[in-house]
Engineer: 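Pasting a structure here, questions to come.
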Amino acid sequence: YKPDLIFSTNIFSPIDVRVLKDSKKNKIKSISSLKSWDTATMKGYVVVNSDKLIVYNDIQKREMIKYQQVPEEKLVVLGNPGYDTYFNEKGLMAKEDFCKFAGLDPNKKIIFINISAKVINQFPEDPIVFVDRWISEGKIKHPAQILINPRSKYGFSEDILKNSKNIVIHTTADKIEGGAKENYKFDEIEIYDLKNCLYHADAVITTASTLAIEAALTDTPSISLGFDFRPVNYWLSASVRNIDEHFWNVRQTGGVVVANSQQELIDYINNYLDNPELHKQERLAVARQQAQFLDDKSGKRVGEFLLANLD
């Protein structure tokens with residue numbers, strides 16, 4: 001069997017590397033793409049150069065040249081198809097309908113707290129526990145609720161959270177026994193559910209996550225945790241995650257703020273609940289920097305590029 005073109009969607013995957021090696025050996029044209037925004041700086045080294053490599057934006061292009069020594073002529077900037085959903089209304093619910101679906105109170109502010117992988121945040125429940133306490137103590141100025149939308153990909157201790165009246169645990173994800181990462185699939189239902197969580201949230205709390213970019217695409221204020229709520233391994237601390245180069249680029253826009261203490265986190269939450277327009281232009285700068293193409297056509301651009309290379 002000799003295909004006309006090999007398309008690798010993850011240039012660092014061991015399986016993809018083997019296929020790309022075979023494509024070189026058998027003189028079959030190959031095109032690759034990057035799996036995520038942090039690929040060039042965090043995921044290892046390019047083993048096999050495809051004939052062409054699709055990247056999201058000009059930043060990734062520069063990173064692939066600088067850190068991976070990929071020749072510039074092999075790189076093509078086409079955007080991230082994963083961001084396409086944020087530039088159309090498909091799957092988007094009215095806020096009242098979403099609140100009913102998720103079990104939220106439409107009269108309260110929604111603070112969406114992202115459950116991070118433990119490699120990013122060793123104790124992912126800690127920010128939820130503390131914000132819950134601050135709501136009850138009146139440190140959060142507005143009547144508010146915490147939205148949790150856990151992924152089956154990550155471990156999550158519901159038991160310590162489920163008795164709070166301030167916390168709503170909502171997910172459309174199927175649970176995978178043992179949290180088997182390799183079996184996890186982020187399907188269309190989950191994509192639209194996350195889209196609604198972001199669109200209807202009043203503030204998002206995360207830790208140096210791509211969710212900060214997606215929040216910017218929905219013009220939702222986001223706060224990255226720059227501290228830990230208890231002593232942790234330094235190399236797994238939130239402060240380290242926030243100086244990773246791919247996230248530093250986002251921070252430079254001012255479209256994502258970093259809270260370096262509990263009091264800063266309280267202040268940022270209150271500021272955004274008081275004024276959701278705060279840092280609006282900076283969030284647009286994040287969108288322009290990371291999505292680059294402010295439309296829902298990146299998937300189409302990739303498809304057309306692949307077809308054009310079948311000749």
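This is a predicted model, so every value here is computed, not measured.
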Engineer: Using every non-hydrogen atom in the two residues, find where Tyr272 and Leu278 come nearest and quote the distance to one decimal.
Structural biologist: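 Tyr272 and Leu278 have their closest heavy atoms at CE2-O, 3.6 Å.
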
Engineer: Less than 4.5 Å apart, side chain to side chain, heavy atoms only: is that true for Val204 and Ile223?
Structural biologist: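 Val204 vs Ile223: side chains apart.
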
Engineer: Kindly work out whether a path of hydrophobic side-chain contacts (I/L/V/M/F/W/Y, heavy atoms less than 4.5 Å apart) joins Val17 to Val70.
Structural biologist: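 Val17 clusters together with Val70.
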
Engineer: Treating Gln145 as the side-chain partner and Ile167 as the backbone partner, does any N or O pair qualify as donor plus acceptor under 3.5 Å?
Structural biologist: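 Looks like no, no N/O pair under 3.5 Å.
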
Engineer: Between Ser13 and Asp16, is there a side-chain donor-acceptor contact under 3.5 Å, judged purely by atom types and distance?
Structural biologist: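 Checked: Asp16/Ser13 side chains pair up, N/O donor to acceptor below 3.5 Å.
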
Engineer: Around Glu73, counting heavy atoms of other residues, nucleotides and ligands shown, do more than 12 lie under 6.0 Å from its CD?
Structural biologist: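 Yes.
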
Engineer: When you compare the side chain of Asn49 with that of Pro71, does any pair of heavy atoms fall below 4.5 Å?
Structural biologist: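 The answer is yes; the side chains approach within 4.5 Å.
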
Engineer: Does any non-hydrogen side-chain atom of Phe227 lie less than 4.5 Å from one of Gln262?
Structural biologist: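 A side-chain contact under 4.5 Å exists here.
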
Engineer: Salt-bridge test for Asp219 and Arg283: reply yes if a basic N is under 4.0 Å from a carboxylate O, no otherwise.
Structural biologist: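 Answer for the salt bridge query: yes.
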
Engineer: For the pair Ser50 and Ile31, evaluate side chain to side chain contact (heavy atoms under 4.5 Å, CB included) and give the outcome as yes or no after the intermediate values.
Structural biologist: CA-CA 5 Å; Ser50 303; Ile31 297 175; 5.6 Å; no

Engineer: Looking only at atom types and distance, does a side-chain atom of Asn57 sit under 3.5 Å from a main-chain N or O of Gln60, one as donor and one as acceptor?
Structural biologist: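 A pair under 3.5 Å: yes.
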
Engineer: Can you tell me how far the NZ atom of Lys21 sits from the OG atom of Ser30, to the nearest 0.5 Å?
Structural biologist: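 Spacing of NZ (Lys21) from OG (Ser30) equals 13.5 Å.
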
Engineer: Write down the atom of Lys90, the atom of Thr85, and the distance for their closest heavy-atom approach.
Structural biologist: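 Here Lys90 and Thr85 meet closest at O-OG1, 4.4 Å.
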
Engineer: Strictly under 6.0 Å, is that where the ring centroids of Phe229 and Phe130 end up?
Structural biologist: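 When the ring centroids of Phe229 and Phe130 are compared, they turn out to be within the sub-6.0 Å range.
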
Engineer: Tell me the closest heavy-atom pair linking Ala291 and Leu217, and the distance in Å.
Structural biologist: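 Answer, listing the atom of Ala291 first, then Leu217: CB-CD2, 4.0 Å.
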
Engineer: Just to verify, what does Asp296 make a side-chain hydrogen bond (donor to acceptor under 3.5 Å, both in side chains) with, not counting sequence neighbours?
Structural biologist: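 Partners of Asp296 under the side-chain hydrogen bond (donor to acceptor under 3.5 Å, both in side chains) test: Asn88.
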
Engineer: Would Val240 and Tyr234 satisfy side chain to side chain contact (heavy atoms under 4.5 Å, CB included), going step by step from the backbone distance to the final call?
Structural biologist: CA-CA 7 Å; Val240 169; Tyr234 172 75; 3.5 Å; yes

Engineer: Under the 3.5 angstrom rule, does the side chain of Thr253 hit a backbone N or O of Val250 as a donor-acceptor pair?
Structural biologist: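 Between the backbone of Val250 and the side chain of Thr253 there is a qualifying donor-acceptor contact (under 3.5 Å).
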
Engineer: Over 60° means perpendicular and under 30° means parallel, so tell me whether Phe101 and Phe98 are parallel, tilted or perpendicular.
Structural biologist: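 Aromatic pair Phe101/Phe98 classed tilted.
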
Engineer: How about Glu188 and Tyr192: does a side-chain donor come under 3.5 Å of a side-chain acceptor?
Structural biologist: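 A donor-acceptor contact under 3.5 Å links the two side chains.
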
Engineer: Just by distance, do the side chain of Ser261 and the backbone of Glu264 share a donor-acceptor pair under 3.5 Å?
Structural biologist: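 Answer holds: yes.
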
Engineer: Would you say that Gln252 contacts Asn249 through its side chain, given a criterion of any heavy-atom pair below 4.5 Å between the two side chains?
Structural biologist: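 A side-chain contact is absent here, since even the closest heavy-atom pair is not under 4.5 Å.
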
Engineer: Could you go step by step and tell me if Leu92 and Asn196 meet the side chain to side chain contact (heavy atoms under 4.5 Å, CB included) rule?
Structural biologist: CA-CA 6 Å; Leu92 188 61; Asn196 279 285; 3.5 Å; yes

Engineer: Indicate, with yes or no, if Leu78 and Met64 share a hydrophobic cluster defined by side-chain heavy-atom contacts under 4.5 Å among Ile, Leu, Val, Met, Phe, Trp and Tyr.
Structural biologist: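 No, it is not one cluster - the side chains of Met64 and Leu78 are not joined through contacts under 4.5 Å.
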
Engineer: Is there a path from Val46 to Val48 through hydrophobic residues (I, L, V, M, F, W, Y) whose side chains come within less than 4.5 Å of each other?
Structural biologist: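 Yes, same cluster.
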
Engineer: Looking at every heavy atom in both Val302 and Phe7, which two are closest together, and how far apart are they?
Structural biologist: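 Looks like CG1-CZ, 4.2 Å.
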
Engineer: Hey, could you give me the CG/CD1 distance between Asn149 and Ile113, rounded to the nearest 0.5 Å?
Structural biologist: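 The CG atom of Asn149 sits 12.5 Å away from the CD1 atom of Ile113.
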
Engineer: Using 0.5 Å steps for rounding, measure from the CD1 atom of Ile146 to the OG atom of Ser164.
Structural biologist: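 Result: 6.5 Å between the selected atoms.
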
Engineer: Using modelled atom types only, decide if a donor and an acceptor are shared between the side chain of Asn26 and the backbone of Asp22 within a distance under 3.5 Å.
Structural biologist: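 Yes, the answer is positive, given that a donor and an acceptor are paired below the 3.5 Å cut-off.
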
Engineer: Do Asp267 and Gln263 get their side chains close enough for a donor-acceptor pair, meaning under 3.5 Å?
Structural biologist: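 Yes.
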
Engineer: Taking the side chain as every heavy atom from C-beta outward, state whether Asn309 and Lys29 have any atom pair closer than 4.5 Å.
Structural biologist: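 Of all side-chain heavy-atom pairs linking Lys29 with Asn309, at least one is under 4.5 Å.
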
Engineer: Give the cluster check for Ile65 versus Val47: same hydrophobic cluster or not, with ILVMFWY residues linked at side-chain heavy-atom distances below 4.5 Å.
Structural biologist: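 Yes, because Ile65 and Val47 connect within a single hydrophobic cluster, where side-chain heavy atoms sit under 4.5 Å apart.
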
Engineer: Check this for me: Arg288, atom CZ, are more than 12 non-hydrogen atoms of other residues, nucleotides or ligands nearer than 6.0 Å?
Structural biologist: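 Result for CZ/Arg288: open.
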
Engineer: Under a 3.5 Å distance rule, please check whether Asn275 uses its side chain to pair with a backbone N or O of Glu277 as donor and acceptor.
Structural biologist: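 Looks like yes, one N/O pair under 3.5 Å.
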
Engineer: Tell me whether the centres of the aromatic rings in His200 and Phe112 are closer together than 6.0 Å.
Structural biologist: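 Ring centres of Phe112 and His200 not closer than 6.0 Å.
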
Engineer: Would you tell me whether Gln290 and Tyr83 have side-chain atoms, one donor and one acceptor, within less than 3.5 Å of each other?
Structural biologist: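 Absent: no donor and acceptor within the cut-off.
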
Engineer: Taking C-beta and beyond as the side chain, do His170 and Ile148 meet within less than 4.5 Å on heavy atoms?
Structural biologist: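 Counting from C-beta outward, His170 and Ile148 never come under 4.5 Å.
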
Engineer: Could you tell me which residues satisfy side-chain hydrogen bond (donor to acceptor under 3.5 Å, both in side chains) with Glu96, sequence neighbours excluded, listed by chain and number?
Structural biologist: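 Counting only residues at least two positions away or on another chain, Glu96 forms no side-chain hydrogen bond (donor to acceptor under 3.5 Å, both in side chains).
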
Engineer: What I want to check is whether the side chains of Asp274 and His142 have a donor and an acceptor closer together than 3.5 Å.
Structural biologist: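 Asp274 vs His142: donor-acceptor pair found between side chains.
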
Engineer: Quick one: NZ on Lys297 to NZ on Lys300, what's the gap to the nearest 0.5 Å?
Structural biologist: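 Nearest 0.5 Å value for the NZ-NZ distance: 6.5 Å.
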
Engineer: When you look at CD of Glu137, are more than 12 heavy atoms from neighbouring residues, nucleotides or ligands closer to it than 6.0 Å?
Structural biologist: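 Correct, the count exceeds 12.
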
Engineer: Measure the shortest side-chain to side-chain distance between Phe12 and Gln68 over non-hydrogen atoms and say whether it is less than 4.5 angstrom.
Structural biologist: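 Yes, side chains in contact.
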
Engineer: Does a donor on one side chain and an acceptor on the other come within less than 3.5 Å for Ser298 and Arg301?
Structural biologist: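 Judged by distance alone, the side chains do pair up.
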
Engineer: Side chain of Arg241, backbone of Thr207: donor and acceptor closer than 3.5 Å?
Structural biologist: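 Flag not set: sc Arg241 to bb Thr207 has no pair under 3.5 Å.
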
Engineer: Taking atom types as modelled, find out whether Asn166 and Asp132 have a side-chain donor-acceptor pair closer than 3.5 angstrom.
Structural biologist: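 Asn166 vs Asp132: donor-acceptor pair found between side chains.
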
Engineer: Nearest 0.5 Å, what's the CD1-CD1 distance between Ile140 and Ile111?
Structural biologist: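 One finds 5.0 Å between CD1 of Ile140 and CD1 of Ile111.
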
Engineer: Strictly distance-based, threshold 3.5 Å: is any side-chain N or O of Asp202 a donor or acceptor partner for the main-chain N or O of Leu273?
Structural biologist: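 The answer is no, because no donor-acceptor pair under 3.5 Å joins these two groups.
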
Engineer: Leu147 and Leu194: same hydrophobic cluster, using ILVMFWY side-chain contacts below 4.5 Å?
Structural biologist: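 Yes, because Leu147 and Leu194 connect within a single hydrophobic cluster, where side-chain heavy atoms sit under 4.5 Å apart.
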
Engineer: I need the single residue from Ile128, Leu211, Val131, Asn114 that forms a side chain to side chain contact (heavy atoms under 4.5 Å, CB included) with Ile205. Which is it?
Structural biologist: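 Going through the options one by one, the only one that passes is Val131.
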
Engineer: For Leu310, look at atom CG and say whether over 12 heavy atoms of other residues, nucleotides or ligands are found less than 6.0 Å away.
Structural biologist: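 Atom CG in Leu310 is crowded, with more than 12 foreign heavy atoms closer than 6.0 Å.
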
Engineer: Looking at every heavy atom in both Gly103 and Val168, which two are closest together, and how far apart are they?
Structural biologist: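 That would be O-CG2, 3.7 Å.
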
Engineer: Distance from Phe293 atom CZ to Asn80 atom CG, nearest 0.5 Å?
Structural biologist: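 The CG atom of Asn80 is 11.0 Å from CZ of Phe293, to the nearest 0.5 Å.
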
Engineer: Does any donor atom in the side chain of Asp58 or Gln292 lie under 3.5 Å from an acceptor atom in the other side chain?
Structural biologist: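 Result is yes, a qualifying pair exists.
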
Engineer: Between Lys61 and Glu72, does at least one N-O distance fall below 4.0 Å, as a salt bridge requires?
Structural biologist: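 Looking at Lys61 and Glu72, the cut-off is met.
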
Engineer: Show the nearest heavy-atom pair for residues Asp84 and Gly299, with the distance to one decimal.
Structural biologist: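 So the minimum-distance heavy-atom pair works out to OD2-N, 2.8 Å.
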
Engineer: Would one find more than 12 heavy atoms of other residues, nucleotides or ligands at under 6.0 Å from atom NZ of Lys24?
Structural biologist: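 It does: Lys24 NZ has more than 12 such atoms within range.
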
Engineer: Short question: side chain of Asp244, backbone of His246 - any donor-acceptor pair under 3.5 Å?
Structural biologist: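 No.
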
Engineer: With side chains defined as the heavy atoms from C-beta onward, is the minimum distance between Ser224 and Phe247 less than 4.5 Å?
Structural biologist: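 Yes, at least one pair of side-chain atoms sits under 4.5 Å.
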
